[in-house]
**Student:** 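Below you will find the structure I want to go over with you.
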Amino acid sequence: MRQDFAFVAERTLASHSPALVRSGPADVDLLAGLGRSAQRLVRSLRGGLARMCGGDTPEVKIDPPREMTGDDVIQPGQCLYSLFALAPAQTRMVSVIEAETLLRLVDRAFGGPGEAPRPIPRELPMSADMMAQRVEAVLAAELAPMLPGAHAINPLRRDGDWREILPWPTEARVVMVTIAVTE
């Protein structure tokens with residue numbers, strides 16, 4: 001077998017503009033961009049959540065995004081964690097909803113005043129799981145247009161145990177956006 005030949009290029013190699021091959025935005029720029037889109041998200045979430053609050057427009061407040069570790073996402077008390085995939089990149093996102101909030105929404109949905117039972121049951125009823133599905137649908141629909149590169153947000157699974165949901169190690173860096181909804 002003869003291996004003493006030279007390769008010859010059939011065409012000129014591509015020469016890209018430095019603007020096309022520069023690195024992506026810095027983490028600080030991404031946090032600032034997410035903070036700017038938060039105000040648009042407030043307006044759209046008000047409309048999406050009003051259907052779940054009996055037509056009354058709730059007050060929505062979004063804290064500025066902040067960077068933290070995955071361990072800080074774990075909330076004290078009983079919560080329901082939902083895992084989402086942001087298509088097409090399959091980036092992961094987690095939402096955390098307090099169990100008391102879900103039970104209040106369920107009570108309102110069945111004509112009650114919006115009170116949660118005391119003490120909060122250790123295992124949430126199926127109606128709370130169905131309410132969580134509705135909250136997930138609103139979040140997915142309202143967040144997808146706001147997040148760059150996310151064509152769709154798909155709920156994957158939900159669980160009351162954070163160990164079953166969190167897709168990253170507890171020491172990983174994550175960005176957290178806190179959304180407070182009151183009525």
Side-chain angles (χ1 to χ4, degrees), residues 23-53 57-106 116 120 124 128-183:
S23 62
D27 291 346
V28 173
D29 297 334
L30 290 174
L31 286 174
L34 189 57
R36 285 190 299 273
S37 63
Q39 292 311 311
R40 287 184 299 159
L41 182 59
V42 164
R43 288 189 297 273
S44 66
L45 275 176
R46 279 185 190 139
L49 293 172
R51 293 185 298 271
M52 296 175 61
C53 297
T57 304
E59 182 182 327
V60 178
K61 181 182 177 226
I62 299 180
D63 292 341
R66 62 187 190 275
E67 193 174 338
M68 56 182 43
T69 64
D71 195 31
D72 295 328
V73 176
I74 301 163
Q75 297 293 311
Q78 191 174 358
C79 297
L80 193 66
Y81 298 85
S82 299
L83 179 65
F84 298 84
L86 282 64
Q90 296 304 310
T91 304
R92 299 292 191 240
M93 178 180 86
V94 172
S95 71
V96 182
I97 305 172
E98 294 173 351
E100 182 179 355
T101 301
L102 281 174
L103 292 171
R104 287 176 183 272
L105 286 171
V106 168
I120 301 293
L124 294 176
D129 192 61
M130 293 171 63
M131 185 58 69
Q133 287 177 3
R134 291 181 63 190
V135 171
E136 288 172 357
V138 169
L139 283 174
E142 303 301 333
L143 281 173
M146 305 289 174
L147 298 175
H151 299 287
I153 298 177
N154 304 310
L156 298 177
R157 64 182 184 269
R158 83 189 63 77
D159 201 300
D161 185 2
W162 61 269
R163 290 176 288 258
E164 298 294 324
I165 295 296
L166 295 185
W168 51 73
T170 56
E171 66 274 357
R173 289 178 34 218
V174 298
V175 173
M176 183 170 188
V177 176
T178 302
I179 302 171
V181 179
T182 57
E183 53 177 329

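Numbering of residues begins at 1 and proceeds along the displayed sequence.
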**Student:** Is the shortest heavy-atom distance from the side chain of Leu45 to the side chain of Val181 under 4.5 Å?
**Tutor:** no
**Student:** Less than 4.5 Å apart, side chain to side chain, heavy atoms only: is that true for Leu139 and Ile153?
**Tutor:** no
**Student:** Please lay out, stage by stage, how Leu124 and Asp129 fare under the test side-chain contact (heavy atoms from CB on, under 4.5 Å).
**Tutor:** CA-CA 7 Å; Leu124 294 176; Asp129 192 61; over 6 Å; no
**Student:** Measure the CD1-CE distance between Ile97 and Met131 for me, rounded to the nearest 0.5 Å.
**Tutor:** 10.5 Å
**Student:** Nearest 0.5 Å, please: how far is CG in Asp63 from CE in Met176?
**Tutor:** 9.0 Å
**Student:** Between Leu41 and Val177, does the side-chain contact (heavy atoms from CB on, under 4.5 Å) criterion hold? Intermediate values first, please.
**Tutor:** CA-CA 11 Å; Leu41 182 59; Val177 176; 5.7 Å; no
**Student:** Taking atom CG of Asp159 and atom CD1 of Ile165, what is their separation to the nearest 0.5 Å?
**Tutor:** 5.0 Å
**Student:** Do other residues, nucleotides or ligands put more than 12 heavy atoms under 6.0 Å from Met68 CE?
**Tutor:** yes
**Student:** So how far is it from Leu80 CG to Leu103 CG, rounded to the nearest 0.5 Å?
**Tutor:** 10.0 Å
**Student:** Find out whether Leu143 and Met93 are in side-chain contact, i.e. whether some heavy atom of one side chain is under 4.5 Å from a heavy atom of the other.
**Tutor:** yes
**Student:** Between Arg66 (side chain only) and Thr178 (backbone N and O only), is there a donor and an acceptor less than 3.5 Å apart?
**Tutor:** no
**Student:** Step through the shown structure and confirm whether more than 12 heavy atoms of other residues, nucleotides or ligands are within 6.0 Å of CD on Glu98.
**Tutor:** no
